[in-house]
Structures are given as C-alpha cells and as structure tokens.
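To keep things clear, I will list the structure first and then write my remarks on it.
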Amino acid sequence: MDFELDDDQRLFQRTLRAFVDKEVIPVAPEWERTGRYPAEIISRFAELGLFGITVPEEYGGLDLDRVSFALVFEEIARGWMGVAGVLGSHTLATWMIARYGTEAQKHEFLPELAVGARRTGIALTEPGAGTDLQGIATRAVREGSHYVVSGTKTWITNARHADPLPVLVKTSIEEPAHRGMSVLLVDREQLTVSRDLPKLGYKGTETCEVVLDGARVPVSRLLGGTEGRGMQQVLSALELGRINIAARAVGVAQCAYDAALGYAKERHAFGQPIADFQAIQLKLADMATEIQAARLMTYWAATRSAAGPVTSEAAMAKYFASEVALKATMEAMRVHGGYGYSQEFVVERLYRDAPLMAIGEGTNDVQRLVIARSLLSGAAKVGW
C-alpha cells in the first residue's frame with residue numbers, strides 16, 4: 001500500500017501544474033467572464049498530448065495509468081474547471097472506441113483523436129431522459145448499409161467540434177430497453193447544433209443541444225459492430241467518467257482551500273490576521289481534512305479501475321469528492337466575507353462550478369443508490 005505518487009507521476013504532475021499556473025490561471029477570470037472560447041488552451045492540450053490520455057500507445061496516445069489520468073483533471077480543474085470538460089468528454093469517447101471499437105474503427109479514428117487533429121465527446125442525455133438512459137427516444141432504423149437516426153441530445157460538450165460523436169440510440173424497440181441500445185459514431189456533418197445552453201458555471205466550453213434529423217450513419221460506424229451493446233459500453237465508460245468528475249471536484253476544492261488560506265493570512269480584522277481567529281482555523285482544518293480524504297478516495301478508485309469494474313468505488317469517489325467541493329467552495333466564500341461574492345476573487349467562480357460535479361455523470365442521489373445496491377448484493381463491501 002503506497003500513498004505516494006511514483007517518480008513518473010510526480011514529474012507529470014509538475015508539468016501539468018506549471019502549465020496550469022502559467023497558461024490557464026492568468027486568463028481564466030477574464031475569459032470565463034466574457035465567454036471567450038479558450039482556443040489557445042485547447043491547442044496546448046494537443047501539444048502536451050492530453051487528447052490521447054486514454055488512447056493506446058500503438059495508436060499514438062499516452063495511455064496513462066489511472067492515477068495520472070486523475071491528475072490531469074485535478075490539476076486543470078484547479079485552474080479552470082470549464083476547460084477540463086473539453087478533455088473529459090473527449091477521453092470518455094476515446095476510451096470507448098479503444099475498448100469496444102472494431103479494428104477498422106480504432107485505426108480510422110484513434111490516431112487523429114490522440115493528437116487533437118480530431119476531437120470528440122459523448123451524446124447520452126436527452127431533453128426527456130437524463131438519469132434514466134433506458135428512457136431515451138433517439139431511434140436508429142437500419143436501411144441497407146446505413147442507419148437513419150432521428151432524435152435530440154442535450155448537454156453535449158464539444159458538440160461543434162466532435163467528429164465523430166458517439167451517440168446512444170435505440171436500434172430496437174422490440175427487446176428490453178437495455179438490450180435494444182447501441183452506440184453510433186456519427187460524423188459532424190450529420191449533426192445540427194440547435195442551441196447553446198445557458199449555464200450558471202462550467203463556462204469556457206460549449207454545452208449544446210444537438211439534433212439528428214434523418215442523419216445517415218454507415219453501418220460500419222456501429223461501435224463494436226454488434227447491435228445491443230450500447231448500454232454496457234456506456235455504463236463502463238461512465239465509471240471512468242466518475243473518476244474524472246471526482247478528480248475535477250478535488251481540483252476545485254483545492255483551489256478554494258488555497259484561496260481561503262492565502263486570504264486568511266492577508267486579511268486583517270480587529271488588529272490581527274483573521275487566520276488568528278479560531279473560527280477561521282476550524283474552517284481551514286475541516287477543508288484540508290476533507291479535501292485530502294477526497295483526493296485519496298479518488299486515487300483509490302482510479303487505482304482499482306485499472307484491474308476491472310469499479311462500480312461502487314467510482315460512485316463513492318464521485319459522490320464524496322463532489323460534496324467536499326460544494327462545502328469547500330462555500331466555506332472559502334465565508335472566509336472571504338463580502339469579497340467572496342465579488343468576481344474579483346476566484347471563489348465566486350468556484351462556487352458556481354462546484355454544483356456540476358454533484359450532478360454530472362449521474363446525480364449524487366443516484367451514486368448513493370449505486371453504492372447501496374452494491375453493498376446489499378455483496379458486490380462491494382466496506383473494509384478489507
């Protein structure tokens with residue numbers, strides 16, 4: 001049992017941290033406030049190889065170990081959670097293609113996806129189906145060598161840049177829902193972005209509604225080549241997605257703590273730094289303890305995921321870390337007092353970004369149910 005990063009992971013973390021400190025943090029406040037698309041940051045993602053973190057080396061990717069995968073999202077979210085989303089959706093899709101794609105699909109897409117020449121995302125949620133993925137209405141009807149796809153997907157990150165976009169569809173309505181679902185790799189020209197969704201936070205990347213109106217998708221773009229595997233493919237990808245979200249939550253919470261600690265040392269009241277007051281010290285102690293617990297839980301889930309399914313571990317990490325982020329950002333705002341409500345200080349943005357982690361990749365209530373069912377079935381246990 002080792003609670004330290006190895007030498008390669010430590011070097012990788014330092015590289016990420018230097019990039020975020022120099023190129024993300026200085027521009028994030030203004031770009032987030034004005035809605036400027038972070039094209040320069042995304043270009044640097046490509047230069048650093050970050051679009052290939054879940055792509056095998058044989059296709060030009062980094063194929064990172066899972067703790068290093070978590071470090072990517074922790075460090076980038078520490079600087080600006082919104083831009084971490086660009087990589088989040090992309091890496092889920094590349095992992096699915098690498099894990100489930102046919103050899104032809106891997107060779108066609110992964111080399112360009114690994115270097116950012118192509119980007120991608122994942123289209124699951126619909127206006128009438130979020131948590132209940134079996135309730136999706138998007139249909140794919142086979143006509144000869146193509147599927148004809150009609151439906152609407154929403155909350156799609158990278159929607160304007162995804163090529164291809166993995167889309168969860170119903171290829172059969174005769175079978176039980178979970179057996180009649182498939183994933184199609186849809187070309188960008190077959191998609192219509194109908195609108196951008198206005199958001200409280202998570203700015204810096206577009207989040208869109210996408211319409212497929214009779215889109216024609218070659219049968220060769222059926223992920224894995226076999227119908228009815230879509231639900232299995234998506235659920236396994238979401239386990240990795242929950243580790244991504246947990247790591248982002250740790251990054252946001254860490255940034256909130258750093259801001260609160262620094263402010264508490266600098267801000268004076270009643271003739272002394274507010275860090276000297278016990279009430280502030282207690283807040284800092286709670287934040288530090290909970291953030292470190294969330295970090296260790298996230299790394300634990302990441303490490304376990306390399307060996308196989310981590311249904312309960314990923315759910316625990318995502319649930320706990322996102323709740324810590326919610327609390328830490330609120331406490332950091334309290335430490336800052338009135339300044340915490342000002343856009344001149346980073347905690348205001350963190351406070352708006354944190355709730356997404358409690359919602360995305362399955363709400364925290366759903367995570368609690370996943371954990372409970374795993375425990376009751378004996379699939380998971382607490383302790384050794």
Side-chain angles (χ1 to χ4, degrees), residues 51 54-56 58-61 89-115 117-129 133-154 156-194 208-238:
F51 284 109
T54 57
V55 176
E58 65 187 286
Y59 300 104
S89 297
H90 178 92
T91 55
L92 251 67
T94 54
W95 182 86
M96 286 176 61
I97 295 170
R99 174 73 179 272
Y100 296 111
T102 64
E103 286 303 313
Q105 290 165 352
K106 294 176 187 179
H107 281 92
E108 180 178 2
F109 296 121
L110 289 180
E112 290 185 298
L113 289 170
V115 297
R118 287 178 183 256
R119 284 162 53 191
T120 186
I122 188 166
L124 307 179
T125 302
E126 299 185 1
L133 286 179
Q134 295 188 50
I136 65 168
T138 300
R139 287 279 286 118
V141 179
R142 184 163 179 172
E143 293 184 357
S145 61
H146 286 75
Y147 289 100
V148 178
V149 185
S150 296
T152 300
K153 296 292 184 176
T154 194
I156 310 304
T157 300
N158 292 337
R160 287 189 175 84
H161 305 276
D163 188 23
L165 179 67
V167 179
L168 184 66
V169 300
K170 284 189 173 179
T171 45
S172 171
I173 57 174
E174 306 299 327
E175 300 180 86
H178 67 283
R179 295 180 183 173
M181 303 170 77
S182 304
V183 173
L184 297 178
L185 306 176
V186 182
D187 289 338
R188 185 165 58 196
E189 59 265 24
Q190 296 291 328
L191 306 165
T192 299
V193 175
S194 57
C208 305
E209 190 169 86
V210 173
V211 176
L212 300 97
D213 185 10
R216 295 186 63 80
V217 182
V219 171
S220 61
R221 297 294 182 84
L222 172 66
L223 184 64
T226 303
E227 289 187 5
R229 304 285 177 82
M231 195 65 168
Q232 171 196 351
Q233 294 165 349
V234 163
L235 290 180
S236 61
L238 286 176

With a 4.5 Å cut-off on side-chain heavy atoms, are T138 and V149 touching?
yes

Can a side-chain donor-acceptor contact be found between S182 and Y147 if the only test is distance below 3.5 angstrom?
no

Contact summary for R118 and E112, nearest pair of heavy atoms:
NE-OE1, 2.8 Å

Rounded at 0.5 Å granularity, tell me how far CD in E209 sits from OG1 in T192.
11.5 Å

If you draw a 6.0 Å radius around CZ in R179, do more than 12 non-hydrogen atoms from other residues or ligands fall strictly inside?
no

Closest non-hydrogen atom pair, P127 against T154
N-CG2, 3.8 Å

Which heavy atom of A93 sits nearest a heavy atom of P166, and at what distance?
CB-CG, 3.8 Å

I97 and L223: which non-hydrogen atoms are nearest, and at how many Å?
CA-CD1, 4.1 Å

What closest approach, in Å, do R139 and T171 show between heavy atoms, and which atom pair accounts for it?
NH1-C, 3.8 Å

Taking the side chain as everything from C-beta on, heavy atoms only, tell me whether L212 gets closer than 4.5 Å to L191.
yes

Evaluate the side-chain proximity of V186 to R221: yes if any heavy-atom separation is below 4.5 Å, no if none is.
no

Where the side chain of K153 meets the backbone of I122, is there a donor-acceptor pair that is under 3.5 Å apart?
no

Minimal non-hydrogen separation, G214 against S150, with atom names
N-OG, 3.2 Å

Any salt bridge linking E58 with K106? Criterion: basic side-chain nitrogen under 4.0 Å from a carboxylate oxygen.
no

